[in-house]
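Heavy atoms only: backbone and side chains are in, while hydrogens, waters and symmetry mates are out. As the structure is a computational prediction, the values presented were derived from the model and not from experiment.
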Amino acid sequence: METLEKENPWYCPNCKQHQLATKKLDLWTLPETLIIHLKRFSYTKFSREKLDTLVEFPIRDLDFSEFVIKPQDESAPELYKYDLIAVSNHYGGLRDGHYTTFACNKDSGQWHYFDDNSVSPVTENQIESKAAYVLFYQRQDVARRLRTKPQPGQSDPPAPACDPLPESMDIN
């Protein structure tokens, strides 16, 4: 449950006035792919600004089990846990900017940094930044299903998703 700020009141259709209120979001089921859009721009009557607060986010085991109202299967925790598969970054201001991406190769488990026509391997500790804008997560049961599905002409099972790279590379 969240209390709305007094600068952001709820409009009551009955009394036709703005009121202080609370809002609540209930989760009944969880999607296979979860997209989290971080608020990076702030607008008020008097100002508009880009927010560059560092948001810490998990790469593995983002757990939503405590937020689901009616769990489908408590014996299958992977139905409620997510692993990060990509991050879209935004650099710049309100009027212009530049987008880059970190993404995990599902076959090799290697993370890469995409910047226009350049692609570089990176380590997991380089993924979290003040530029993170959109986070893409995949539910663990889906990732496991994709990893165990044999590819045509493939004899060994695919590598585990998104293992860290041993060496480091500077992307700034």
Side-chain angles (χ1 to χ4, degrees), residues 2 8 23 25 27-44 47-68 76-154 156-172:
E2 175 185 0
N8 186 23
K23 67 178 181 177
L25 176 67
L27 299 174
W28 289 79
T29 61
L30 296 171
E32 289 186 359
T33 303
L34 180 67
I35 301 171
I36 299 174
H37 181 221
L38 302 176
K39 181 178 179 180
R40 286 296 186 200
F41 301 99
S42 176
Y43 301 95
T44 67
S47 70
R48 290 172 166 69
E49 61 182 329
K50 166 93 184 271
L51 305 174
D52 65 352
T53 306
L54 177 65
V55 176
E56 294 179 9
F57 49 88
I59 292 177
R60 287 186 192 77
D61 297 324
L62 175 60
D63 189 353
F64 278 90
S65 59
E66 67 181 270
F67 303 108
V68 177
E78 68 273 4
L79 292 175
Y80 310 104
K81 289 186 178 181
Y82 289 83
D83 292 331
L84 188 70
I85 58 173
V87 178
S88 176
N89 303 296
H90 178 268
Y91 298 94
L94 296 170
R95 297 190 191 277
D96 58 2
H98 180 71
Y99 291 90
T100 65
T101 299
F102 291 107
C104 179
N105 181 311
K106 73 174 181 64
D107 295 326
S108 69
Q110 172 63 58
W111 281 93
H112 290 85
Y113 179 69
F114 297 82
D115 185 359
D116 293 335
N117 58 358
S118 169
V119 179
S120 308
V122 294
T123 62
E124 284 185 2
N125 62 359
Q126 294 172 288
I127 295 169
E128 199 173 86
S129 77
K130 291 181 176 185
Y133 190 44
V134 183
L135 309 175
F136 298 85
Y137 284 91
Q138 188 168 57
R139 205 171 61 207
Q140 287 181 349
D141 67 313
V142 174
R144 187 171 292 117
R145 189 173 64 232
L146 291 174
R147 280 197 312 265
T148 57
K149 189 189 297 184
Q151 300 296 321
Q154 182 179 37
D156 295 335
C162 304
D163 287 332
L165 183 69
E167 70 225 33
S168 117
M169 176 180 286
D170 186 17
I171 57 163
N172 294 325

Residues forming a side-chain contact (heavy atoms from CB on, under 4.5 Å) with Asp63, sequence neighbours excluded: Ser65, Tyr80, Lys81
Straight-line distance of Leu51 CG to Tyr133 OH, nearest 0.5 Å: 10.5 Å
Non-hydrogen side-chain atoms of Val134 and Ile35 separated by less than 4.5 Å: yes
Inter-residue atom distance Leu84.CG - Glu128.CD, 0.5 Å rounding: 10.0 Å
From OG1 (Thr33) to CD1 (Ile85), nearest 0.5 Å: 5.5 Å
Flag for Thr100-Asp115: side-chain donor and acceptor within less than 3.5 Å: no
Donor-acceptor under 3.5 Å (Asn105 side chain, Trp111 main chain): no
Within-4.5 Å side-chain heavy-atom neighbours: Arg139 and Leu34: no
Heavy-atom side-chain contact between Phe57 and Val87 under 4.5 Å: yes
Which residues share a ring-ring contact (aromatic ring centres under 6.0 Å, His included) with Tyr137, sequence neighbours left out: none
Shortest non-hydrogen contact between Pro31 and Tyr82, atoms and distance: O-OH, 2.6 Å
Test item: Phe67 and Leu25 side chains (from C-beta on) under 4.5 Å apart, heavy atoms: no
Atom pair CG/CD of Leu62 and Gln138 - distance to nearest 0.5 Å: 13.0 Å
Ring center gap for Phe102 and His112 short of 6.0 angstrom: no
Side-chain heavy-atom pair Gln140, Asp61 within 4.5 angstrom cut-off: yes
Glu49 vs Phe41 side-chain heavy atoms within contact, under 4.5 Å: no
Beyond-backbone contact of Asp116 with His98, side-chain heavy atoms, under 4.5 angstrom: yes
Exam field: side chain Arg40 to backbone His90, donor-acceptor pair closer than 3.5 Å: no
Short side-chain to backbone donor-acceptor contact, Gln110 and Val122, under 3.5 Å: yes
Ser88 side chain near Phe136 side chain, heavy-atom distance below 4.5 Å: yes
Greater than 12 external heavy atoms within 6.0 Å of Lys130's NZ: no
Inter-residue atom distance Thr101.OG1 - Asn89.CG, 0.5 Å rounding: 6.5 Å
